[in-house]
Amino acid sequence: MDKQTLLSQLPAVNEVLRTKTAQRLLNELPRTIVTEAIRITLDKIRQRILKGDGAEVPSPEQVAQQAASVLWREVIPLMPRVINATGIIVHTGLGRSLLSQKAVQRLIEVATHPCALEVDEVTGERSFRDLRVEKLLRLLTGAEAATVVNNNAAAVLLILNTLAEGREVIVSRGELVEIGGSFRIPEILRKSGAILVEVGTTNKTRLSDYERAISERTALLLKVHQSNFRIIGFTEQVSLEDLVALGRKYNLPVVEDLGSGALADVSKAGIEKEPMVQESVKAGADLVSFSGDKLLGGPQAGIVVGRKDLISQLRRNPLYRAFRCDKLTFAALEATLLSYFDEEQAWDEIPTLQQIASSEREIKRRAQKVSRLLLGFGLPKEAISILPSTSQVGGGALPDQFLPTWCIVVKPKEGDNPDNFAKRLRLGNPSVFCRIQKDALWFDLRTVLPDELNELTECIAKAWVEMGGRTSL
Ligand SMILES: *Cc1c(COP(=O)(O)O)cnc(C)c1O
């Protein structure tokens, strides 16, 4: 059949709307959305025919079925819920930290009721939204003052713009990092209006390098946590203590971008220690900034703690208003911080810390359960194994630290592409993200929540069937 004949036989939008599948969609969704999905689908089919790829004209019902998947992916692409089986605990692509139950309760309360966000309930007068959380942060970190903005990138930009616009900031060449998502220290510095003065070399920077670079144009000394990479071997960086001593000598503030920053000591979980905020404050840093949703395990936020006069200057910068957080962030952050007053409680209540601390035994138990359930679904024994592997903290923290873990490993049928299998899993509901290694799919049970094990199993079994595999489904 020639292209024109094929095109003329394509069903009209109205015909597709009358099919069973389209009627089912119309029961749940507005007509405009369903019609748009059908229009896009017919367009795609038309393009295929014109390219010579379409030998047959689909029936109205077939068009409707294609439109159903187009609808969720292209017309109303709501972000899917995900089961994180990657083993990366703080996964930026998957939304970083999960909130504690207490934080969620506070969120709901504050989202569904007014709250005294910017008024003082004692005087009834206008107040500042960060004063309450500041009290918590002062107690937890030992700092004089604190404030919170939208994320740590904004915090760093705000600090540099407030304290160093038009002046020089001294940074070690070993700390000129790119965090990902176009956050590069040299570029942020430039955007802030500050002038970067690089000192030392990639692997070695000494205190004398900083000292030689100090002039009347210097505004501050900046220390950046290397976060997502490590320089090993012949290396030297200046400690915060030494930098603080130098800053005092020349009356220059020392600012530390801690990156993740932790309030609890993660070395308790058997990995290397991540720098703690309290220790930077104690070492005398004038300002310390860190993320709310990395190791802290709270909502997205950029937290700054340090000297009272400097925090006041940050608050007076017009950018502060542009970077301010909403009441939901404050509510979740308050509740998260509250857990840290008793460190045991923090490890118990905060999901990010729970996942770091999960024991191998508990993780293996989850893997055994999933394996049992998969066999129950009729997946062949030889396709499934339970193997040891390693998880990562993620979020740019501790890149060289690996937590021992257990995975369910599913080997696709002979000749099947593991990438296709993984794609089907990602397109499921909920969507499942895992690792591909040695032509198999690895599901790390450390980052899968205990109440997701049944769902995970069903998703794997469903994708197995879609790949043409046999089960007892
Ligand atoms: C992650 C990170 C940032 C950015 O923090 P966000 O909260 O993601 O904006 C900045 N600096 C360092 C060193 C980081 O690790």
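The structure presented is a predicted model; accordingly, all values stated were derived computationally and were not measured. Every number for a ligand or one of its atoms is a count from 1 in the order of the listing. Heavy-atom basis, side chains included; hydrogens, waters and symmetry copies ignored.
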Purely on distance, is any nitrogen or oxygen of Val224 under 3.5 Å from one on ligand 1?
no
Residues Arg315, Glu134: salt bridge by 4.0 Å N-O rule:
yes
Out of all atoms in ligand 1, which are within 4.0 Å of some heavy atom of Ser291? Include the element for each.
5 (O), 6 (P), 7 (O)
Atom indices of ligand 1 within 4.0 angstrom of His225 heavy atoms, with elements:
13 (C)
Considering only NZ, NE, NH1 and NH2 on the basic side and carboxylate oxygens on the acidic side, decide whether Lys364 and Glu360 come within less than 4.0 Å.
no
Say you draw a straight line from CG of Asp257 to CD1 of Ile185; how long is it, rounded to the nearest 0.5 Å?
5.0 Å
Would you call Glu198 and Arg173 a salt bridge, using N to O less than 4.0 angstrom?
yes
Under 4.0 Å, counting heavy atoms only: does Asp257 come that close to any atom of ligand 1?
yes
Counting from 1 in the order shown, the ligand 1 atoms closer than 4.0 Å to a non-hydrogen atom of Ala153 are 4 (C), 5 (O), 6 (P), 9 (O)
Within the 4.0 Å heavy-atom cut-off, what Arg96 brings close to ligand 1 is side chain
Which residue, Lys135, Arg106, Arg132, forms the side-chain hydrogen bond (donor to acceptor under 3.5 Å, both in side chains) with Glu334?
Arg106
Distance check, rounded to the nearest 0.5 Å: Tyr250 atom OH versus Tyr210 atom OH?
14.5 Å
Side chain or backbone, does Lys294 bring an N or O within less than 3.5 Å of an N or O on ligand 1?
yes
